[in-house]
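Letters go in sequence order (proteins before strands), and every chain restarts at 1.
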Protein chains: 2
Amino acid sequence: MVRAVPDTHGEILAAAARQFTVTGYRGTSLQDIAREVGCSKATVLYHFANKEALLAELMAPAIEVLRSLDEQLTGLTGAAAQEVAAQGFVDLAVRFRQEIAVLRGEFPELLCQPAFAHIQEISDRLRDALAGHSDRPGARIAALVLLAGISEACGEFADITDDDLRSALLTLVRRAVEPVDALPPQQPTTEDKDS
Amino acid sequence: MVRAVPDTHGEILAAAARQFTVTGYRGTSLQDIAREVGCSKATVLYHFANKEALLAELMAPAIEVLRSLDEQLTGLTGAAAQEVAAQGFVDLAVRFRQEIAVLRGEFPELLCQPAFAHIQEISDRLRDALAGHSDRPGARIAALVLLAGISEACGEFADITDDDLRSALLTLVRRAVEPVDALPPQQPTTEDKDS
DNA sequence: CTTTCATCTGACCGATCGGTCAGGGTCTGA
DNA sequence: TCAGACCCTGACCGATCGGTCAGATGAAAG
């Protein structure tokens, strides 16, 4: 039989996730987290090297998915890139609603830190893909508004199931993205069922 | 001739606006602002009762426009509400790019403070209007994503003129908002030129 | 010259932050 | 029985935060 070993590490992680989503990373102190777990602040810092390491471990799965989406996007152009970016990002945003909500408005500072060094570049590429690699202002603006809006909004719909939210967001993105029909003649349509 | 009277009050306000847009409200200390102005922290607090009062004075014009937009929306329904909300909010977001950028991720805490008490309700009504007062999840989600995305994104396009940004955003919103064609039979179309 | 007033400042305050450290339990394997 | 690994803690640290306060300065008014 299992001994109900106290998984303090996991409890701290869970408490931090909860607190971060409510009050943000900067707005949550290690003392707050310790209080919710029922341990001392020193215990939190025994299990995690520092506050940033706690956040990094919390975000690791989401970042890994983001990285793999980035790889899928390499080489894709036009409408194909748009569709993969849309599906990939919507799926990521829905699955990691909570994690994304943590980063609310903390981006500019956090992205400077080593653990999150490449996120900025990856999301830039993601935005570029969603714009169909077009440099028209309309396409760029639409892509950024959608990415930012989804990131910001997906945490608000706790009452909607993952599936419903995913399909609604995907419909929205497909409707809202600026089409790249008049793309420079490269290939007519590369979106034959290649999978 | 004017004596070049040192407008310290205004200088503090301008410095605060600049710093807040870069490092956010919480991320900017009164010391930072004082340093940029070239005065002491005590001087900042001589001109402004406290840090929150500084922010309130900075946001006052934007809030006033938001409030008047809210009034314009009372009584409007369906597509008419959507169009007024879209035009009004896009215009507001473009004109007050900087002010909106200040509130990055500071919303949950700031909205609790008395100076910003009604903003939450107003933006809820605004979102509702942009959704054409529909309660379909798709309409609600689209409205929230657009409002949040525009708020988040409009500060990023410093290289685009107000007019260009406004028209691009408006085009995007009209394309992205879920149409309310199948609205419950109330009036066939209320959007005859009533102005 | 004296008073008054707005402006500005250095010194200081209590609170809170992230983080360190020495040491106290507790369990396990030798 | 003892050594050592692991887990946890209270006390403490320096830094920084928003904010207070008595007093310096200087120009205008009497």
Side-chain angles (χ1 to χ4, degrees), chain A residues 1-20 22-59 102-103 105-106 108-110 112-116, chain B residues 1-20 22-59 102-103 105-106 108-110 112-116:
Chain A
M1 67 170 74
V2 289
R3 189 96 72 81
V5 47
D7 177 24
T8 312
H9 189 95
E11 283 179 32
I12 293 173
L13 216 49
R18 260 169 281 150
Q19 300 252 7
F20 285 165
V22 176
T23 40
Y25 176 73
R26 270 180 299 177
T28 302
S29 70
L30 296 177
Q31 195 66 256
D32 293 333
I33 298 170
R35 194 180 304 121
E36 179 169 332
V37 173
C39 69
S40 73
K41 187 180 68 171
T43 299
V44 175
L45 287 162
Y46 169 78
H47 286 277
F48 299 89
N50 49 43
K51 196 184 180 188
E52 186 196 335
L54 217 179
L55 179 64
E57 188 164 326
L58 216 49
M59 306 298 292
V102 167
L103 297 181
E106 323 261 3
E109 292 83 3
L110 285 183
C112 302
Q113 299 179 344
F116 311 99
Chain B
M1 64 170 74
V2 289
R3 188 93 74 81
V5 47
D7 177 25
T8 311
H9 189 94
E11 283 180 32
I12 293 172
L13 216 49
R18 259 169 281 147
Q19 300 252 6
F20 284 166
V22 176
T23 40
Y25 176 72
R26 271 179 300 175
T28 301
S29 70
L30 296 177
Q31 195 65 257
D32 294 333
I33 298 170
R35 194 180 304 121
E36 180 168 332
V37 174
C39 68
S40 74
K41 187 180 68 171
T43 299
V44 175
L45 287 162
Y46 168 77
H47 286 277
F48 299 89
N50 48 43
K51 197 185 179 188
E52 186 195 336
L54 217 179
L55 180 64
E57 189 164 325
L58 215 51
M59 305 299 292
V102 168
L103 298 182
E106 324 262 2
E109 291 84 1
L110 285 182
C112 302
Q113 298 178 344
F116 311 98

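- Across Asn50(A) and Leu45(A), no two heavy atoms sit closer than the pair CA-CD2, 3.9 Å.
- Phosphate proximity of dC8(D) to Tyr46(A): absent, as no side-chain N or O sits under 4.0 Å from OP1 or OP2.
- The distance between atom CD1 of Ile12(B) and atom P of dT7(C), rounded to the nearest whole Å, is 11 Å.
- In terms of heavy-atom proximity, Val102(B) sits nearest to Ala17(B) at CG2-O, 4.4 Å.
- Applying the ring pair (Phe, Tyr, Trp, His ring centres under 6.0 Å) rule to Tyr25(B) yields the partners Phe20(B); only residues at least two apart in sequence or on another chain are considered.
- Taking a 4.0 Å limit (strictly below) on heavy-atom distances, residues 32-44 of chain A reaches DNA chain D at Cys39(A), Ser40(A), Ala42(A), Thr43(A).
- Atom CD of Glu11(B) is separated from atom C1' of dC8(C) by 13 Å (rounded to the nearest Å).
- At the phosphate of dC8(C), OP1 or OP2 sits under 4.0 Å from a side-chain N or O atom of His47(B).
- Considering every non-hydrogen atom in both Lys41(B) and Ala34(B), the closest pair reads N-CB, 3.6 Å.
- The minimum heavy-atom distance linking Ala16(B) with Ile33(B) is given by the pair CB-CD1, 3.9 Å.
- Contact annotation: Ser29(A) reaches the phosphate of dC17(C) (side-chain N/O to OP1 or OP2, under 4.0 Å).
- Heavy-atom minimum distance, His47(B) versus His9(B): O-CE1, 3.7 Å.
- Residue Leu30(A) is in sugar-phosphate contact alone, with no base atom involved, counting any heavy-atom pair closer than 4.0 Å across all strands shown.
- For Leu55(B) and dG18(D), the CG to P distance is 13 Å, given to the nearest whole Å.
- In this structure, Lys51(A) NZ and Arg26(A) CZ are separated by 9.5 Å, a value rounded to the nearest 0.5 Å.
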Below 3.5 Å is the cut-off: list the nitrogen or oxygen pairs between protein and nucleotides 22-26 of chain C, distance only.
none

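- Note: CG (Leu54(A)) to P (dG19(C)) measures 10 Å, nearest angstrom.
- Applying the salt bridge (Lys or Arg N to Asp or Glu O under 4.0 Å) test to Glu11(B) and every residue at least two apart in sequence or in another chain returns nothing.
- When all heavy atoms of Ile12(A) and Val44(A) are compared, the pair lying nearest together is CD1-CA, 3.8 Å.
- Between dT7(C) and Thr8(B), no contact under 4.0 Å exists linking OP1 or OP2 to a side-chain N or O.
- Per the geometry, CD belonging to Gln31(A) stands 20 Å off P belonging to dC17(D), to the nearest Å.
- Atom pair Tyr25(A):OH and dC17(C):C1' shows a separation of 12 Å (rounding to whole Å applied).
- Across the protein-nucleic acid pair, Phe48(A) atom CZ and dC7(D) atom P stand 12 Å apart, rounded to whole Å.
- One end of the helix from dC1(C)-dG30(D) to dA30(C)-dT1(D) points its axis 20° away from the other end's axis, with each axis taken from 5 pairs and the angle rounded to 10°.
- Atom CZ of Arg26(A) is separated from atom P of dT16(D) by 17 Å (rounded to the nearest Å).
- Put simply, CD on Gln19(A) and CG on Leu30(A) are 10.5 Å apart, with the number rounded to the nearest 0.5 Å.
- Considering only heavy atoms from C-beta on, Leu55(B) comes within 4.5 Å of Phe116(B) through its side chain.
- Not counting sequence neighbours, the partners of Leu13(A) by the side chain to side chain contact (heavy atoms under 4.5 Å, CB included) test are Phe48(A), Leu54(A), Glu57(A), Leu58(A).
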